[in-house]
Structure formats: structure tokens, C-alpha cells
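The structure displayed is predicted, hence computed values, not measured ones. Order of the sequence lines fixes the chain letters, A, B, ..., with proteins taken first and strands second; residue numbering starts at 1 for each chain.
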Amino acid sequence: MTASTAEQTSSSGSKGSEPPVPEGAITVTVKIRRFNTEFDDEPRWDSFEIPALPSDRVLNLLHYVKWYLDGTLTFRRSCAHGICGSDAMRINGVNRLACKVLLKDLLSAGGKPTTITIEPIKGLPVHKDLLVDMEPFFEAFRAVQPYLINYSPEPTRERLQSAADRERFDDTTKCILCACCTTSCPVYWTDGSYFGPAAIVNAHRFIFDSRDEGAEERLDILSDKEGVWRCRTTFNCTDACPRGIQVTKAIQEVKRALLFKRV
Amino acid sequence: MAELERHSFDVLVIGAGGAGLRAAIEAREHGMRTAVLCKSLFGKAHTVMAEGGIAAAMGNVNSNDSWQVHFRDTMRGGKFLNNWRMAELHAKEAPDRVWELETYGALFDRTADGRVSQRNFGGHEYPRLAHVGDRTGLELIRTLQQKIVSLQQEDHAETGDHEAKLRVFQEFTVSDLLVEDGRIAGAFGYWRESGRFALFTSPAVILATGGIGKSFKVTSNSWEYTGDGHALALRAGASLINMEFIQFHPTGMVWPPSVKGILVTESVRGDGGVLRNSEGKRFMFDYIPEVFKEKYADSEAEGDRWYTDADNNRRPPELLPRDEVARAINSEVKAGRGTEHGGVFLDVSTRLPAEEITRRLPSMHHQFKELADVDITAQPMEVGPTCHYVMGGVEVDPDTGASSVPGLFAAGEVSGGMHGSNRLGGNSLSDLLVFGRRAGTGASDYVSALPVRPVPSEAAVAEAQATALAPFSGEGGENPYTLHMELQQAMNDLVGIIRKAEEIEQALERLEGLKARARTLTVEGHRQFNPGWHLALDLRNMLVVSECVAKAALLRTESRGGHTRDDYPGMDPEWRRKLLVCRTTGPSEVDVEVKAQIPIREDLLELFDRGELEKYLTGDELGS
């Protein structure tokens, strides 16, 4: 099966009664990569015609499908504000959070019909539709010891940190673990054993934290064959980051720390 | 049917937000084999959305601050309805919880001498909120997640098993608690992805499930907030208190529809943003209550001068407390002076130059541009009250978090009492840490002292399974999404920010109808990741919790904090002495009764001036 239409009745889930059409809506085609590992032999594309406003986000379009057209459509979302990092997906071929992409930025020029393709992020096993198994991603995150290591006795109040020291690693603390960067990396696609950019960002966050004393252990881990040297500096990760983190720069800083043995 | 998946733990924590993770860490520290069960991915909980900070009287910015001042502010904010013991513990312990979080590795903005910086916030007398930019909640969750990863690696080094002492079950929903002879025996639920059931045997359960906002049409809450913990507690036999108190944040987006409910932070008003109705009038000047008249400007000119000269002018009424602003907006809309989409205009574009707006409010500018294509430097925002937080929740012992059901504990937004009738900004993140830790200790002590562990009966397990499968055999043909939307509309319109008896009664009638229809709604297809089925089960929770809100709101014939009765506009000291306690009788009947408050301890009362106490307490409480 290659395509279904908006009128299709789905095989499961719940269907809406009368889908609302907002005033000023335009109709766009949304092509979604579907795959149910329990029942399907291979993935397929389903197309849906959706009335939407230019100010709608891709997440709203997905909700429209789920609420009114096909209740079985499966994807993750939580906060819908671009903070929790649950709804990373490939939208027209690039990794984005569905809650942060506006329809108006995807419309075809000159009023021509618009088709939007939505696929799961690449490099992680698909469980169902847009929902992937995040475990390999989190396994890499855990492998870099993403927590404060400090061997001195615990203070009764806070440890002091100057504004400049705090600023040093501010950028990499913005990570929301959405996997946009890691699953946009061509090295990660071809070799899943590479830690990937997100894990290195989270290692960077502690390596450059003035309170941390575990830099050496982490750098050892990252200089391993699955580590930073796999990075080919393609900048896909930096482009994909919904938080604007300078991911490639962070990886370069870790490489430099390894080369010169100091942070 | 396949063999049922079974697990056994010493302590189960339901929910992986700030309270749940802090509780889990504490239970493990006490040697309990602990499991965390959460609906979302680990690390994605609603706590991530908290922006302002963690309120704690560390005195880093103003050394006059102390737990006593924080306690006073909290009691005032809650209009003295707070459980005073919780407010006391919270004020005393919040600083230690922040310092502890810092030693776990949390990032904070710093003072010039390198200590944790603290910012001002509504209702707090001194700069008190420890923060990191506007992403404090995210950092709190991430730090606790990192701490758990480090503890699991310690456990692996010691036992060869990362999950020997603390295990996280993510994307798992608990549908029922199992109770044997009146004690907690475990929990039953399903994997969201496969739809397969699992049984957890455990003598203690800590509820940390957050709030109930998804019962309202306009809310800032995320999808998880379906009142699961509130409903699980009720069905297990525990009681809820203060359910009539719901905080509406005055400025949520009402347009475009894609972002309905999303918060516009208070700092937009703090930096010069003004509220106007459809006639272009700056209406807040008409809504300054008598008690605030001395502190707020009575002309636009004076209000405008305050931004640059706060010492010689009074602040503009746009900066009144949240509940006052929310009520004013609501009144304007009801009087027909709202915007086309049922809000009012919040405008900063005509007040400050564009570059000034992007400099002072970068994240707001960014958020609206990115999420809604609204340029706040060029056009006004359309805003209205949005359901933000529920003060009510499980009635707990302040020191241990224990509910009235042995083995059942609660912490965070799902528990009640701490915030009284209204919560101060910043007191939520500190609440999670203080009472998350206490519930972890409470549950551990309970389990250690238990001579015999209850075992869930097979009959109870079979019943939980049948209940969870019921939506597949419904023959009403109705879609759970339709029912959900009708529920949200009813709660929003009839038990929303301004309430009156007739409307609440109408809401209760509608709820009866919805309950009947919910019993026969139809879900099609398989159990494998079926969002319609999940919603059908969530609806059961939202309906019973909504009934608690409505019934308590009808009984409380006064206005206080997050409960405003149009027909009883005043605050009544007699009502301060009363709590409304909700329980379920029968399968889904809610019963509400009045219970006397425990009088405030003498030494705590002495922290206030008598003149202030006279506003809240009755004559005999004052011993006059």
C-alpha cells in the first residue's frame, strides 16, 4: 500500500466525528512514514490532506491526523514548547522538533500545493511510525559519565563558581537530549557504535565545569575508538540543534583538550 | 493471554518529575529497592517547563532573608489556608535542598562572589529564587537524572547490575493501585508502546504525578497532567483536600489556536507591557481592590513613571497579584470588551523600541516568533487566563508524606495543603525537593517497620485488567476525544476562574452525563500503542477529579486565592478554619465533607503582627 486518503477509516484507534476546519485554512498534504513492527513487513507512506493555518506547527498537523483521521498514528510529544525534547523527527529531510516548525515556513512558493514529508529520526530502530527506540542514544549518554565527579568532601553550602567559570560551559548545559544532532550525523548512521554528538556535548558540559574533577576519566572514554575522533566536522549536528548549541565547536574543544591534555 | 509480567520492589514511585526523582533517590539511599514508573521518557517530565526558579531563604542576595520570612510569605500567598506545618518544613529545608542540588552538579546563575544567585519574584519579600536563566526546571530535572545515572553506575560497580537498587520504567502508565486489607500491595498498569500489562508488587507507593490541567480547555499544562495520581489515591481510599483551589495564570496565549494556553511570563508586564481591551482602554486601573489602593498607581502617567523611578511612584496595576489580573481579564471578556478570540491585548510593541524588547525579553520574543509567528515587537499578543496549577491534592502527613491509606505516600503537585488557596511562584520547585525527599524517607521507614508485606490478590489483578480493557468492549460508539473536549469546555466555562452556584450545578449535571457516556465509549483496534485507548483510561481519572473540583467549589461559599465565587465575593474567616475533604464512595461517586483545620502553632502565629492576623482569623482564634 502506498497511500491512503483523509477519508480512509483506520484499522484501529479512534476516529473523530466532524473534523473542524479553521477559517483561513489552506489544505496541505502530509506524507508520513508508517511502520508497525508487529504487523507490517516493511514501512509505507500514508498521505493525509489537512486543513491548517500558516501559524500552525507541524505538531498541530500530527495531532489533527491522530484526533480526526487516524487514531493509530504514533509519535512522542510532551511539553510542546521545545523544552522537553520529545518530538524530534525528520521533517522534509531535516531533523527538527515538530513543536518548533511553523507551517508557513514549509509552504511552497507561489501558492503551489504543499507536501510535507515526515519520517522518524535516522539511525535508531523504529518501534512504530515516528517512535524510535531511544535506548542506544541514552546508552551513549550514560557512557560518558554525565554527572559531577568531585572527590573533595561535600560542602555544607554551595561550591563557589565565578561567573566566568560558569559561562565556560553554559552552552552545552542547554541540551535537551532530543537526539536531533546525533541522528543527523552521517557517521552515526553508518556506525551506531560512535557515541554521537549529544553524548560528547554532555561530556563537554562536565569536562569544562570548574567544579568537576573527572575530566581525565571522561577524556579517556572519548579518545576510545568510538569517541570524538570519528567526528568528520560536517556540522549537520550544529544545524540540527533546536537549542542553538554550537555542537561541532564543543566537539572540537573536546578534541583539543585531548590533544593538549588540558581543559 | 500471555503470561503477566511481574516485578517486585520495596518502594514504587509513580512519576518522574522533580518530586518523583528526589523521592526515588532518597528511598534508594535508605537501602530500598526502588522503581520509578513514568508515562513519558525519563527526563521529559512537566517540571522541565518551570522557568522562574527555586524559592529558598538562603540569604545569598539579601542576608535579611530567613525561613521565618519565607514562611510568612507562603502563608500570606495561600491566604492562611496552608497546612502550616508543611509551610514551616518547606521554608526551613528549602535552602538545604538547593545546596544539595548544587553539590549534585546543578548549574546556577551566580552572585559576584560565586554563590548561587537569587532573584525577586511576586509575593516574596526578598530576592529568593535560585535560578539558571529561564530554564531552572530543565536544569533541576537534568541534575536529578544525572544523579540517578551516577547512582546506577555505583550500583553496577558494586553488584554488576545497573538496576540492582533503582530502576526506571519509562513510557509506562499505572491504571490502578492494588490494596489488600486496607494496605498498599502494589500497582497495575500497561506499557504505552506494546499495550501489555505488568504487575508491580510493592508495600509502598509514592505518588508524584503532578497536576490536573488537562481537564480544562485552556491550560499551560502538558499532556501528562490528567490527574492520575489524584484519581489513583481516591480509588485506593485516600482523601483529597483543597480541590476547589486552582491557579489560573492571567496571561496565557489565546491566539493563534496552535499555541493556546502557552504562558507569557510575568516579566513582559514587569518590563512595560500593558493590558488593553478591544476599545483600546488600559482597563486594569478599574480593577484595583481596596486593600491594594495604596500600593498601586491610579493614573497611567504615574504607572509609567514607576518603570524608571520605582522609589517615587507606585507600580502599575498590571502588576497586581496573579489572581487579581486574571479576574480582571475575565470580567472584561465577559462584558463584551474582549478580543475576537476571547482574550485581551497584552502590548509591549507600542511601549518599547523593538531592539529594547528583544534585549530584555529574548526568550519571549523567540518563543512567539518560533511557536506562533507572532512578532511581539510589532504587534500585541492576545492573552487570557490559563489553568496553571492545582493547589489541591492528596491529604498527607506533613512530615512523612503519608496519606490515610497505609503504604500510600504523595509529594509535589499531587499532594495538597502546602500552598493553601494559592501558590507563590518559585514555591513549586522547592516543594518538589523538600517533600520528595521527605516522602522517600517516609516510605522507607514504613517499609522497614512492616512485619508482613501484603500480596496483591489474583482477583484484584484480574479486576484491574478487566477495568483497563473495558473501553474495547464499549458499545456507545463515541470517541474519547469528543468526550475529552466536552469535559474541558464544561470545566473551563462553568468551574473556571469565576464561579457561581448555578453554573457549578450545571457543570455537575454535565459531568454526570459525561460519566455515563464514558462508561460506554468505544475504542477500536489493538492495545499496541493506541492513544485512543490511553485517553479513554485517562478520562476516567479526569472525570472523577473534575467532580471533586466542582463539588468542593460549590460547597465553599466564599472567595479565597484560587477560588472565586461571584455570588460570595468576600473572604470569610470562618471558612479559613475549614478544609473540604473529597473521597470516593462506590465506583465513581465523589463525596465532600467539611473538616476542621488544625489551629496554627502559637510560635508560628507570633511571627505575624496582630493587625495582619485580624484579616484572616476569627475572634476566638485571636483569643480576644
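Among the candidates B:T47, B:N221, B:D96, B:N60, the residue making the largest number of heavy-atom pairs closer than 4.5 Å to chain A is B:N60. Listed options A:T173, A:D212, A:D129 were ranked by heavy-atom pairs under 4.5 angstrom with chain B; first place goes to A:T173. Heavy-atom pairs under 4.5 Å with chain B peak, among A:R205, A:H81, A:E154, at A:H81. Across B:L535, B:V116, B:T111, the residue that shares the most heavy-atom pairs under 4.5 angstrom with chain A is B:V116. Of the residues considered (B:D373, B:V98, B:V48), B:D373 shows the highest number of contacts with chain A, using heavy-atom pairs under 4.5 Å. The candidate from B:P256, B:S258, B:S220 with the greatest count of non-hydrogen atom pairs under 4.5 Å with chain A is B:S258. Heavy-atom pairs under 4.5 Å with chain A were tallied for B:R192, B:E100, B:E171; the largest tally goes to B:E171. When the candidates A:P54, A:C178, A:G85 are compared by the number of heavy-atom contacts under 4.5 Å with chain B, A:G85 comes out ahead. For the set A:K174, A:E167, A:R159, A:K100, the count of heavy-atom pairs under 4.5 angstrom toward chain B peaks at A:R159. For chain A, the option among B:A112, B:S222, B:G137 with the highest count of heavy-atom pairs below 4.5 Å is B:S222.
Contacts of A:L177 with chain B are made by both backbone and side-chain atoms, with heavy-atom separations under 4.5 Å. Using a 4.5 Å cut-off between heavy atoms, B:L41 contacts chain A through its side chain alone, with no backbone atom that close. If you measure heavy-atom distances from B:L138 to chain A, the contacts under 4.5 Å come from the side chain alone. Residue B:E224 touches chain A through its side chain alone, counting heavy-atom pairs closer than 4.5 Å. For B:R135, the part sitting under 4.5 Å from any heavy atom of chain A is the side chain, from C-beta outward, and nothing else. Only the side chain of B:P257 comes within less than 4.5 Å of a heavy atom of chain A; its backbone N, CA, C and O stay farther away. Heavy atoms closer than 4.5 Å to chain B are found in the backbone of A:C99, but not in its side chain. In this structure, no portion of B:A45 lies under 4.5 Å from any heavy atom of chain A. Proximity to chain A is limited to the side chain of B:E139, based on heavy atoms less than 4.5 angstrom apart. Within the 4.5 angstrom heavy-atom criterion, atoms from both the backbone and the side chain of A:R157 approach chain B. Within the 4.5 angstrom heavy-atom criterion, only backbone atoms of B:Y104 (N, CA, C, O) approach chain A.
Within the 4.5 Å cutoff, the side chain of A:Q145 has heavy atoms near those of the A:I149 side chain. Between B:D113 and A:L160 there is no side-chain heavy-atom pair separated by less than 4.5 Å.
With hydrogens and angles disregarded, a donor-acceptor distance shorter than 3.5 Å links the side chain of B:D109 to the backbone of B:G133. Side-chain N or O atoms of A:R76 include one that pairs as donor or acceptor with a backbone N or O of A:V132 at under 3.5 Å. Distance alone, capped at 3.5 Å, places no donor-acceptor pair between the A:D56 side chain and the A:A52 backbone.
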Before you tell me yes or no, could you show the steps for B:H526 and A:F39 under ring pair (Phe, Tyr, Trp, His ring centres under 6.0 Å), namely the whole-Å CA-CA distance, both residues' side-chain angles and the distance that decides it to 0.1 Å? CA-CA 11 Å; B:H526 315 286; A:F39 300 99; 4.7 Å; yes

Between B:H46 and B:Y225, is the ring pair (Phe, Tyr, Trp, His ring centres under 6.0 Å) condition met? List the steps. CA-CA 8 Å; B:H46 193 52; B:Y225 271 35; 4.3 Å; yes

Test A:I207 against A:L222 for side-chain contact (heavy atoms from CB on, under 4.5 Å), laying out the working first. CA-CA 11 Å; A:I207 292 170; A:L222 290 170; 4.0 Å; yes

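Taking the ring centroids of B:H534 and B:F529, they lie under the 6.0 Å cut-off.
Using cut-offs of 30° and 60° for the angle between ring planes, the A:F138 and A:F141 rings count as perpendicular. Relative ring orientation between B:W191 and B:F169 is described as tilted, the plane-to-plane angle lying within the 30° to 60° band.
Atom-to-atom distance recorded for B:S194:OG and A:E38:CD is 7.0 Å, nearest 0.5 angstrom.
For the pair B:K39 and B:F172, the cation does not sit on the ring face, since its NZ or CZ is not both under 6.0 Å from the ring centre and inside 45° of the axis.
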